[in-house]
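Report on the following structure.
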Amino acid sequence: MKFSTLYIKTLRDDPQEAETVSHKLMIRAGLVKKISTGIYAYLPLGLKVLQHIMKAVREELNMIGCSELLLPALIPSDPWKKTGRWDLYGKEMFRLSDRTDRLFCLGPTHEEVVTEVVKNDIRSYRDLPLYVYQIQAKYRDELRPRFGIVRAKEFIMKDLYSFHADNDCLEKGYKKVFHAYEKIFERCSIKSIPVEADNGAIGGAYSHEFVAQTPIGETAYVICSSCGYAANLEAARSKVAICSSHEESKKEMSEMATPGKKTIEEVSTFLNQDPSKFLKTLCYRNQKGKKILAIVRGDDEVNEAKLKKIAGADIEWSHEDQELMGFVGPAGMSGVLIVADERTKKIINAICGANKVDAHFMNVNYERDWKAQLSGDIREVKDKDLCPECGKELSLSLGMELGHTFVLNDRYTKPLEVKFASVDGRMKTVLMGCYGIGISRMIAALIEQHHDEKGLTWPVQMAPYKVIVIPVNAESEEQTILAEKLSNELNSNGISNIWDDRNLSPGVKFKDAELIGFPYAVILGKCLEEGLAEIKVRKTGETFKIPLNDVIEKLKQWME
RNA sequence: CGGGAAGUGGCUCAGCUUGGUAGAGCGCUUGGUUCGGGACUAAGAGGCCGCGGGUUCAAAUCCCGCCUUCCCGACCA
């Protein structure tokens, strides 16, 4: 392939639209072009990478017995209504109607559709288990698209769905996919770790996220270096230290004037009391409009995902009672649902808002002065908390979520009535699992993990082209002839390559080669007099002078 | 939606404070010289200064409204 005939345009400067490394490089190296916020066109080089990723994904999934299919992106509302998600999904779903006013959406995910498709073809236990997947564009009206293709309105996802006759089989299937995922990321040279996760809006029993270690992470997770426990913050647990004040004797509750002191920090300084003695109280409201008070210790934060799980419903911030903000507390409150973090019950002589402006209660004690209807773990795990499994320190980091595996059980199959005849002849509901991988996002993760100050440093198997052939002087007939010959030979050896035939000064060609990140550059220049070519390794910057005739052999050897 | 920044040839940016008919570098076209690290040279092409309104003899520049984009927070692969 000749550089001059391919559609490759690089940029000399960082684009002003981009901030993060991968976003900048993707645009500069001509992998993608922005069409609108969160909507990107994949240019030839970007598409190549995408194809390499998809190839790895397909091969690993086919290997474990999955069948590829392609579902529509345009989906009627009916199946969504049956599972209740037409209402649950909210503003994130792109909705539209046809000319007869029938409602549709652009698929943000495909549990409903795939279930409808498969439904009548699963008749007996003999048809199970079944694994089907697709690689397709998904559409989500994101609150805030971010980091180029990382969080986009349109993105490419691989979604796999598995159907099972019983729990045991579902478990086994889940593990199988889990291992396939590990292999996929490894093959793509993306460092990632599986962490326990929350199911969120998708529902179901349990799940894992595969998080890539990147600086532009949006997923916070904790990991224990000693036993390997890893979980994202929405699911993370920790062994928490017992409150230091547990040995005090209970004192009488009293009211204290705290004029203008709203935050825990302000009040604790004002009263000269440790933040851990406070009952931090946050106001939420559930979908029915019922007010919910979430109580955590003053030095803790509420984790909304955990709170939702315990409150058993979708919740949102309550914005009324602005003037009371900072002075709310569980003591003496009625007509509200109080959800307490387990830890708060043990605080003796606690301090909380007195539910009137400029006042707090002192010496508040559980059972005696306040009670919670619901309690459990709703606090957010912090860096250096203790591991729930082994008790050693946890460390908190950020990463990019690339894959997510869910056990859904009958969350979708029940409302959509997917049944099969079991061995004993009775009809049973099919159990389901679903497993996603953010294909397009993987390019960004790959770049975040493989770049340097000069540009991209692709792992060989992911590079858009493996080799670039650079004749230093485009006017030299000898170099031109040799370059073309070499390029053809590489092709016939199955090594993808580009011959940089452009009549430009050498510097430009070198810079472009480094920016785009061809793993190997074969340079034809001065050393030709001695019958030598130079091979420059992008990742290490090393150069090797090698007899012309050995170039292909050498490259083949290195690429293994 | 809240908070911050920005919109000027294809790209990166200057000009705006103090209004006076639009600039640079890169890229592009043509000729010449060059050819191991974003070359040199000469001559060109290319701009409703984000959109709408207002102030003014005169607006890229001042005022008002809107749109778009990026970053930080609430959502997620």
Side-chain angles (χ1 to χ4, degrees), chain A residues 9-20 23-24 27-28 30 33-39 89-93 108-110 135-160 181 192 197-202 207-212 216-220 232 234 304-305 308 314-317 319 399-406 434-442 444-445 454-455 470-476 479 502-515 521 523-528 534 536 543:
Chain A
K9 294 290 174 198
T10 58
L11 259 38
R12 185 185 290 243
D13 303 299
D14 279 339
Q16 58 87 10
E17 73 181 67
E19 200 91 338
T20 55
H23 191 189
K24 280 180 186 168
I27 291 167
R28 276 193 63 204
K33 192 178 261 187
K34 187 178 71 179
I35 302 299
S36 168
T37 302
I39 302 175
Y89 225 101
K91 285 186 178 163
E92 211 173 287
M93 185 150 73
T109 173
H110 283 78
I135 294 177
Q136 209 221 31
K138 297 277 188 273
Y139 299 85
R140 291 183 194 170
D141 194 355
E142 292 289 344
L143 278 173
R144 178 148 96 91
R146 249 209 272 221
F147 306 140
I149 61 161
V150 173
R151 157 149 275 102
K153 287 178 172 154
E154 181 187 273
F155 60 99
I156 299 168
M157 181 167 153
K158 182 283 307 172
D159 44 326
L160 163 66
Y181 271 33
S192 74
D198 179 63
N199 283 48
I202 205 160
S207 80
H208 287 87
E209 273 178 14
F210 284 76
V211 181
I216 54 168
E218 300 178 281
T219 299
N232 86 0
E234 299 184 342
E304 291 186 13
K308 274 178 201 179
D314 211 15
I315 49 159
E316 58 175 34
W317 258 101
H319 293 285
M400 191 193 298
E401 182 184 359
L402 293 182
H404 206 151
T405 55
F406 299 91
C434 84
Y435 322 84
I437 289 183
I439 300 279
S440 42
R441 173 181 279 195
M442 279 173 74
K454 290 175 179 165
I470 305 177
V472 172
N473 185 347
E475 304 253 295
S476 153
Q479 290 181 16
R502 299 174 299 171
N503 189 2
L504 295 169
S505 67
V508 177
K509 291 187 275 196
F510 291 140
K511 292 283 186 210
D512 269 346
E514 283 157 352
L515 175 61
I523 300 160
L524 304 172
K526 279 193 285 212
C527 331
L528 282 178
E534 263 172 89
K536 187 160 188 176
T543 55

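Chain naming here is simple, since letters A, B, ... match the order of the sequence lines and numbering starts at 1 in each.
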Side chain K536(A) and base rG36(B) donor-acceptor under 3.5 Å: no
Donor-acceptor pair present, E514(A) side chain and rG38(B) base, under 3.5 Å: no
Atom P, compared across rG7(B) and rC51(B): separation rounded to whole Å: 13 Å
C1' gap between rA45(B) and rG38(B), integer Å: 23 Å
Between H208(A) and F210(A), ring centroids under 6.0 Å: no
Side-chain donor-acceptor pair present, D159(A), Q136(A), cut-off under 3.5 Å: no
B/S/- contact track for nucleotides 24-29 of chain B, protein heavy atom under 4.0 Å: -BSS--
Given RNA chain B, 5'-ward residue of the pair E218(A) and L515(A), judged by closest heavy atom: L515(A)
Distance-only polar pair, side chains of Q479(A) and N473(A), donor-acceptor under 3.5 Å: no
Check: R151(A) main-chain N/O paired with R146(A) side-chain donor or acceptor under 3.5 Å: no
Nucleotide-resolved protein contact map, nucleotides 66-72 of chain B, B/S/- at heavy-atom distance under 4.0 Å: ---SSBB
Strand partner of rC49(B), provided both Watson-Crick or wobble distances fall under 3.5 Å: none
Sugar-phosphate, base or nothing in reach of G90(A), heavy atoms under 4.0 Å: nothing
Main-chain N/O of K454(A) paired to K511(A) side chain as donor or acceptor, under 3.5 Å: no
Sugar-phosphate, base or nothing in reach of G525(A), heavy atoms under 4.0 Å: base
Integer angstrom distance from the P of rC26(B) to that of rC40(B): 7 Å
Residue pair T10(A) / D512(A), side-chain donor-acceptor N/O under 3.5 Å: yes
Watson-Crick or G-U counterpart of rU21(B), or none if no pair lies under 3.5 Å: none
Touch class at under 4.0 angstrom, heavy-atom based, for L402(A) against every strand present: sugar-phosphate
Complementary nucleotide of rG7(B), counting Watson-Crick and G-U pairs under 3.5 Å: rC67(B)
Sugar-phosphate, base or nothing in reach of D512(A), heavy atoms under 4.0 Å: base
Is_stacked (F510(A), rG36(B)) at 5.5 Å, 30 deg: no
Nearest to side-chain heavy atoms of K511(A), which nucleotide of rG36(B), rG38(B), rA77(B): rG38(B)
Separation of the C1' atoms in rU55(B) and rC13(B), to the nearest angstrom: 30 Å
Which residue lies more 5' along RNA chain B, comparing R151(A) with I523(A) via nearest heavy atoms: I523(A)
Closest to the E92(A) side chain, choosing from rG36(B), rC75(B), rG38(B): rC75(B)
Return the polar atom pairs (N/O with N/O) between nucleotides 45-47 of chain B and the protein under 3.5 Å, or none.
none

rC62(B): pairing nucleotide in any strand, Watson-Crick or G-U under 3.5 angstrom: rG54(B)
Test item: R140(A) side-chain N/O and E92(A) main-chain N/O as donor-acceptor pair under 3.5 Å: no
Closest to the C527(A) side chain, choosing from rA74(B), rG38(B), rG36(B): rG36(B)
Pairing nucleotide - rG27(B), Watson-Crick or G-U, each distance under 3.5 Å: none
Sugar-phosphate only, base, or nothing, as touched by A152(A) at under 4.0 Å among non-hydrogen atoms: base
